[in-house]
Amino acid sequence: MLTIVPYQSKYAKNFKELNLAWITEYFKVEEKDRELLDNCESSIIKKDGYIFIALWDNKPIGCFALLKISEFNFELGKMAVSKSHQGLKIGQELLVYAINFARNENWQKLILYSSTKLGTALHIYKKLGFTPVPLENNSIYLRSDIKMELTL
């Protein structure tokens, strides 16, 4: 059974490992990844961001972060689902949870950076209302070749 819970310190290692697994499968770990994953509490939580963990039978198998850009705009990032639990629509459930959380907080916009190599993820983003917008020239991730946003 899937439950989604707010971050606790005991999940720091899971958050890092879940993300490193997909990043290293498709890309190279970048400086911004290290910054966010090596100490997620100081780089995300203490900067008014959020991390949520997906538990399957109380075992951490997925996650995502919401990084503060401004008072009403947040970046959805570091979304991951363990290889062993992919194909169960957990990513979609995480995304719905993130969108509902943002709406409950009365935020205006969620943005995300992704790669066109991640077709399944892009399909889910589009399905749930994210639309492509122009990507900045100085994107924080070298792997990002698409930026999407959802007006809430």
Margin query: Using side-chain hydrogen bond (donor to acceptor under 3.5 Å, both in side chains), reason through E41 and S9 one step at a time and then give a plain yes or no.
Written below: CA-CA 8 Å; E41 290 180 30; S9 296; 2.7 Å; yes
Checklist line | K68 and E75: CA distance, side-chain angles, deciding distance, salt bridge (Lys or Arg N to Asp or Glu O under 4.0 Å) verdict | finding: CA-CA 6 Å; K68 187 174 185 175; E75 176 189 343; over 6 Å; no
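Note: F72 and W107 fail the aromatic proximity criterion, with ring centroids not under 6.0 Å apart. For F52 and Y97, the gap between ring centers is short of 6.0 Å.
In this structure a side-chain-to-backbone donor-acceptor pair under 3.5 Å is present from N104 to N100. Without hydrogens or angle criteria, S115 side chain to S144 main chain gives no donor-acceptor distance under 3.5 Å. Looking at S139, its side chain never comes within 3.5 Å of a backbone N or O of E136 through a donor-acceptor pair. Of the possible polar contacts, one joining the Q86 side chain to the V81 backbone as a donor-acceptor pair under 3.5 Å is found. The closest donor-acceptor contact from the side chain of N14 to the backbone of P60 lies at 3.5 Å or more, if one exists at all. Checking side-chain atoms of E149 against main-chain N and O of F130 turns up no donor-acceptor pair under 3.5 Å.
Annotation: side chain of I61 is in contact with side chain of L2 (closest heavy-atom distance under 4.5 Å). Inter-residue side-chain proximity for Y113 and D145 is flagged as unmet; no heavy-atom pair is nearer than 4.5 Å.
Note that the CG atom of D38 and the CG atom of D33 stand 9.5 Å from one another [nearest 0.5 Å].
Under a hydrophobic-cluster definition in which Ile, Leu, Val, Met, Phe, Trp and Tyr are linked whenever side-chain heavy atoms come within less than 4.5 Å, directly or via other members, I146 and V133 are assigned to different clusters.
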